[in-house]
Amino acid sequence: DQQVKQNSPSLSVQEGRISILNCDYTNSMFDYFLWYKKYPAEGPTFLISISSIKDKNEDGRFTVFLNKSAKHLSLHIVPSQPGDSAVYFCAARGYNTNAGKSTFGDGTTLTVKP
Amino acid sequence: DGGITQSPKYLFRKEGQNVTLSCEQNLNHDAMYWYRQDPGQGLRLIYYSQIVNDFQKGDIAEGYSVSREKKESFPLTVTSAQKNPTAFYLCASSTREWTPFRSNEKLFFGSGTQLSVL
């Protein structure tokens with residue numbers, strides 16, 4: 001059973017508009033969530049994270065929202081830029097789990113059209 | 001520049017052949033990891049090592065082997081027992097597991113190796 005799900009394999013938005021990427025999880029022991037961004041033929045890079053004690057974390061154009069009761073998080077990118085076109089992975093782990101044993105979703109491919 | 005270097009970028013394996021993927025890091029991280037990514041799927045953990053001369057199986061270790069003789073290096077061997085080796089392989093590192101402020105811990109990835117079967 002997949003514990004971290006990104007139900008939208010792909011998303012296409014116009015440059016300058018908002019991109020919203022969603023992630024759902026089932027394991028109530030998860031309390032730290034991260035988003036990684038991946039370009040083709042490259043390794044993922046860390047983008048933004050959020051702890052379960054918060055419901056929002058913002059870093060420039062990127063904001064992550066966490067709804068613990070719904071076991072749902074979302075990544076908002078405003079405004080979207082063509083360089084944001086990449087695969088975005090949601091990852092989750094418990095408090096005492098090391099970073100490498102996070103559970104990853106399957107990714108959402110974002111395409112930002114000029 | 002600190003980072004993780006994976007080589008080669010592309011690798012081809014013949015039937016019955018073992019191949020070794022290299023991963024080197026100069027971030028002074030204790031923990032290192034190997035993942036496999038198949039098209040349209042997330043990352044799956046193959047092996048990980050938290051300290052030199054120690055490593056643990058991940059979720060999909062069958063058909064793979066690793067060694068950790070130096071802190072900087074964590075090579076992965078894809079053995080002939082791995083019947084479906086075609087995938088994108090990623091190496092990553094992070095700070096040591098037992099840090100008191102775990103919430104800041106994140107992964108640093110190499111650029112990956114694409115392994116294909118001839």
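Computed over heavy atoms, backbone and side chain alike; hydrogens, waters and symmetry mates excluded. In what follows, every chain begins at residue 1, and chains take the letters A, B, ... in the order their sequences are listed.
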Visitor: In terms of heavy-atom proximity below 4.5 Å to chain B, should A/Y36 be classed as side chain, backbone, both, or neither?
Guide: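 Side chain of A/Y36 only, per the 4.5 Å heavy-atom cut-off to chain B.
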Visitor: For the hydrophobic clusters of this structure (ILVMFWY residues joined by side-chain heavy atoms under 4.5 Å, transitively), does one cluster hold both A/L66 and A/F89?
Guide: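 Different hydrophobic clusters.
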Visitor: In terms of hydrophobic clustering (I, L, V, M, F, W, Y; side-chain heavy atoms under 4.5 Å; direct or indirect links), are B/Y64 and B/L11 co-clustered?
Guide: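 In one cluster with B/Y64: B/L11, yes.
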Visitor: Check the hydrophobic clustering (I, L, V, M, F, W, Y; side-chain heavy atoms under 4.5 Å; chains of links allowed) and say if B/Y47 and B/V19 are grouped together.
Guide: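 Shared cluster, yes.
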Visitor: Determine the minimum heavy-atom distance between A/G43 and B/L90, stating which atoms define it.
Guide: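 In terms of heavy atoms, the two residues are closest at CA-CD2, 3.5 Å.
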Visitor: Give me the contact list for residues 35-44 of chain B versus chain A, heavy atoms only, anything under 4.5 Å, ordered by residue number.
Guide: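 At a heavy-atom separation under 4.5 Å, chain A is reached by B/Y35, B/Q37, B/G40, B/Q41, B/G42, B/L43.
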Visitor: What part of A/P9 lies closer than 4.5 angstrom to a heavy atom of chain B: side chain, backbone, both or neither?
Guide: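 For A/P9, there is no contact with chain B at all, as no heavy atom is under 4.5 Å.
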Visitor: Has A/R61 got more than 12 heavy atoms of other residues, nucleotides or ligands less than 6.0 Å from its CZ?
Guide: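 Counting neighbours around CZ of A/R61, more than 12 heavy atoms of other residues, nucleotides or ligands fall under 6.0 Å, so yes.
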Visitor: Answer with yes or no whether the hydrophobic clustering places B/F55 together with B/V52; edges join I, L, V, M, F, W, Y residues whose side-chain heavy atoms lie under 4.5 Å apart.
Guide: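 In one cluster: no.
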Visitor: Given heavy-atom pairs under 4.5 angstrom as the criterion, report whether the side chain, backbone, both or neither of B/F109 touches chain A.
Guide: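 Answer is both: backbone and side chain atoms of B/F109 are under 4.5 Å from chain A.
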Visitor: Kindly compute the distance separating CG (B/L107) from NZ (A/K101), expressed to the nearest 0.5 Å.
Guide: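 Result: 12.5 Å between the selected atoms.
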Visitor: Side-chain polar contacts of residues 107-114 of chain A - donor-acceptor pairs under 3.5 angstrom, sequence neighbours left out - could you list them?
Guide:
| residue | atom | partner | partner atom | Å |
| --- | --- | --- | --- | --- |
| A/T108 | OG1 | A/S8 | O | 2.7 |

Visitor: With the 4.5 Å side-chain cut-off for hydrophobic clustering, are A/L47 and A/I50 part of the same group?
Guide: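 Same cluster.
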Visitor: Pairs under 3.5 angstrom only: tabulate donor-acceptor contacts from the side chains of residues 110-118 of chain B to other protein residues two or more places apart or in another chain.
Guide:
| residue | atom | partner | partner atom | Å |
| --- | --- | --- | --- | --- |
| B/T113 | OG1 | B/P8 | O | 2.6 |
| B/Q114 | NE2 | B/A87 | O | 3.3 |

Visitor: Can B/F88 and A/K38 be said to form a side chain to side chain contact (heavy atoms under 4.5 Å, CB included), step by step?
Guide: CA-CA 13 Å; B/F88 189 59; A/K38 182 184 181 300; 3.6 Å; yes
Visitor: Mind ranking A/V4, A/D106, A/T45, A/T103 by heavy-atom pairs under 4.5 Å with chain B and telling me who comes out on top?
Guide: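 Of A/V4, A/D106, A/T45, A/T103, A/D106 has the most heavy-atom pairs under 4.5 Å with chain B.
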Visitor: Atom CD of A/E42 and atom NZ of B/K9: how far apart are they, to the nearest 0.5 Å?
Guide: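 Between A/E42 CD and B/K9 NZ, I get 6.5 Å after rounding to 0.5 Å.
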Visitor: Given the options A/A41, A/G100, A/C90, which has more heavy-atom pairs under 4.5 Å with chain B than any of the others?
Guide: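 The candidate making the most pairs under 4.5 Å is A/G100.
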Visitor: Quick one: which residue pairs count as a disulfide bond (SG atoms under 2.5 Å apart) with a foot in residues 30-60 of chain B, not counting sequence neighbours?
Guide: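 Every pair satisfying disulfide bond (SG atoms under 2.5 Å apart) with a residue in residues 30-60 of chain B: there are none.
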